[in-house]
Amino acid sequence: QVRLVESGGGSVQPGGSLRLACTAFGYTIGNDYMAWFRQAPGKEREGVASIIRDDVSPVYGASVKGRFTVSQDNAKNTLFLQMNSLKPEDSAMYYCAIARAGTWYDSLSPASYVVWGQGTQVTVSS
């Protein structure tokens, strides 16, 4: 059974940084798109960043481009999200997910993803 476990969330002041991690169990990363999504209360789930392998450029949502960096460590079977210059509007539950096999376009659309983690909370507040 495939399982994703996120960690690294927490509370931080505006301008600060956090690094999220997502470890996969029962699945070998690097074959399909994986992504980070976020969802704030009362808002739709938003694609943050997606990645498939090193020779393909990651895809970023407009609101995080230039501030967030997605990466993966195949040896650790783990996906990361480095978040810098955090803003209050980045506050949300952050989820990692695995895309349906063969997904290439729409890699930031939640509809493309079939396995989800339980989420980790990020709060940016002074």
Side-chain angles (χ1 to χ4, degrees):
Q1 184 179 357
V2 178
R3 189 165 59 98
L4 299 173
V5 178
E6 299 101 332
S7 61
S11 296
V12 64
Q13 292 187 339
S17 298
L18 281 174
R19 188 190 195 206
L20 306 184
C22 169
T23 300
F25 298 91
Y27 173 81
T28 301
I29 70 172
N31 297 310
D32 305 298
Y33 262 103
M34 291 187 69
W36 288 97
F37 292 84
R38 66 186 183 186
Q39 189 166 20
K43 294 189 176 181
E44 293 187 354
R45 191 163 293 191
E46 174 191 11
V48 174
S50 64
I51 187 171
I52 183 168
R53 56 179 188 262
D54 291 344
D55 62 338
V56 178
S57 297
V59 180
Y60 293 96
S63 61
V64 306
K65 206 168 187 178
R67 299 188 298 122
F68 290 11
T69 303
V70 64
S71 62
Q72 58 190 29
D73 185 330
N74 291 352
K76 295 180 179 180
N77 220 34
T78 299
L79 183 73
F80 297 99
L81 184 69
Q82 178 67 44
M83 306 185 295
N84 298 329
S85 302
L86 282 162
K87 305 175 182 179
E89 51 263 43
D90 294 319
S91 297
M93 186 71 80
Y94 282 71
Y95 301 89
C96 66
I98 301 170
R100 185 175 295 106
T103 293
W104 193 253
Y105 302 104
D106 296 328
S107 66
L108 287 183
S109 169
S112 298
Y113 289 79
V114 292
V115 178
W116 294 83
Q118 82 289 348
T120 186
Q121 179 68 40
V122 171
T123 302
V124 185
S125 173
S126 55

Treating Ile, Leu, Val, Met, Phe, Trp and Tyr as nodes and any side-chain heavy-atom pair under 4.5 angstrom as an edge, say whether W116 and L79 lie in one connected cluster.
-> no
Got a donor-acceptor contact below 3.5 angstrom from the D106 side chain to the S109 backbone?
-> no
State which residues pass side-chain contact (heavy atoms from CB on, under 4.5 Å) with S85; sequence neighbours excluded, sorted by chain then number.
-> R67
Any side-chain donor paired with an acceptor under 3.5 Å for T78 and T23?
-> yes
Same cluster (ILVMFWY, side-chain, under 4.5 Å), M93 and V124 | no
Here the disulfide (SG to SG under 2.5 Å) pairs for residues 47-89, sequence neighbours left out, are none
Contact check, side chains of D90 and M83, non-hydrogen atoms, under 4.5 Å = no
Any chance you could measure T103, atom OG1, to I52, atom CD1, to the nearest 0.5 Å?
-> 8.5 Å
State the CD1-CG distance between I51 and D32, to the nearest 0.5 angstrom.
-> 13.0 Å
Okay, side chain of N77, backbone of Y27: is any donor-acceptor separation there less than 3.5 Å?
-> yes
Can W36 and F68 be said to form a ring-ring contact (aromatic ring centres under 6.0 Å, His included), step by step?
-> CA-CA 11 Å; W36 288 97; F68 290 11; over 10 Å; no
Does anything in residues 94-126 pair up under disulfide (SG to SG under 2.5 Å), and if so which pairs, sequence neighbours excluded?
-> C22-C96
What pairs with S107 under side-chain contact (heavy atoms from CB on, under 4.5 Å), at least two apart in sequence or on another chain?
-> Y33, S50, V59, Y113
Scanning both residues in full, the closest heavy-atom pair of A24 with I29 reads CB-CG2, 3.9 Å
For R45, the salt bridge (Lys or Arg N to Asp or Glu O under 4.0 Å) test, sequence neighbours excluded, returns none
Just by distance, do the side chain of E6 and the backbone of Q118 share a donor-acceptor pair under 3.5 Å?
-> yes
Which atom names give the shortest non-hydrogen contact between L108 and G61, and what distance separates them?
-> CD1-N, 3.6 Å
Where do P58 and V70 come nearest, in terms of heavy atoms and distance?
-> CB-CG1, 3.5 Å
Residue pairs involving residues 71-95 (criterion ring pair (Phe, Tyr, Trp, His ring centres under 6.0 Å); sequence neighbours excluded) | none
Is I98 linked to F37 within one hydrophobic cluster, defined over Ile, Leu, Val, Met, Phe, Trp and Tyr using a side-chain heavy-atom separation of less than 4.5 Å?
-> no
Does R100 have any salt bridge (Lys or Arg N to Asp or Glu O under 4.0 Å) partners at least two apart in sequence or in another chain, and if so, which?
-> none
Quick one: name the residues clustered hydrophobically with F25, using the 4.5 Å side-chain heavy-atom rule over I, L, V, M, F, W, Y, and just say none if it's on its own.
-> V5
Pairs flagged by ring pair (Phe, Tyr, Trp, His ring centres under 6.0 Å) wherever residues 44-65 is involved - sequence neighbours left out = none
Using a cut-off of 6.0 Å, state whether more than 12 heavy atoms not belonging to D54 lie near its atom CG.
-> no
Which residues satisfy the side-chain contact (heavy atoms from CB on, under 4.5 Å) test with Y105, sequence neighbours excluded?
-> none
Who passes side-chain contact (heavy atoms from CB on, under 4.5 Å) against S63, sequence neighbours left out?
-> R38, E46
Would you tabulate the side-chain donor-acceptor contacts of residues 13-20 under 3.5 Å, counting partners in other chains and residues two or more places apart, or write 'none'?
residue	atom	partner	partner atom	Å
S17	OG	N84	OD1	2.9

Has E89 got more than 12 heavy atoms of other residues, nucleotides or ligands less than 6.0 Å from its CD?
-> yes
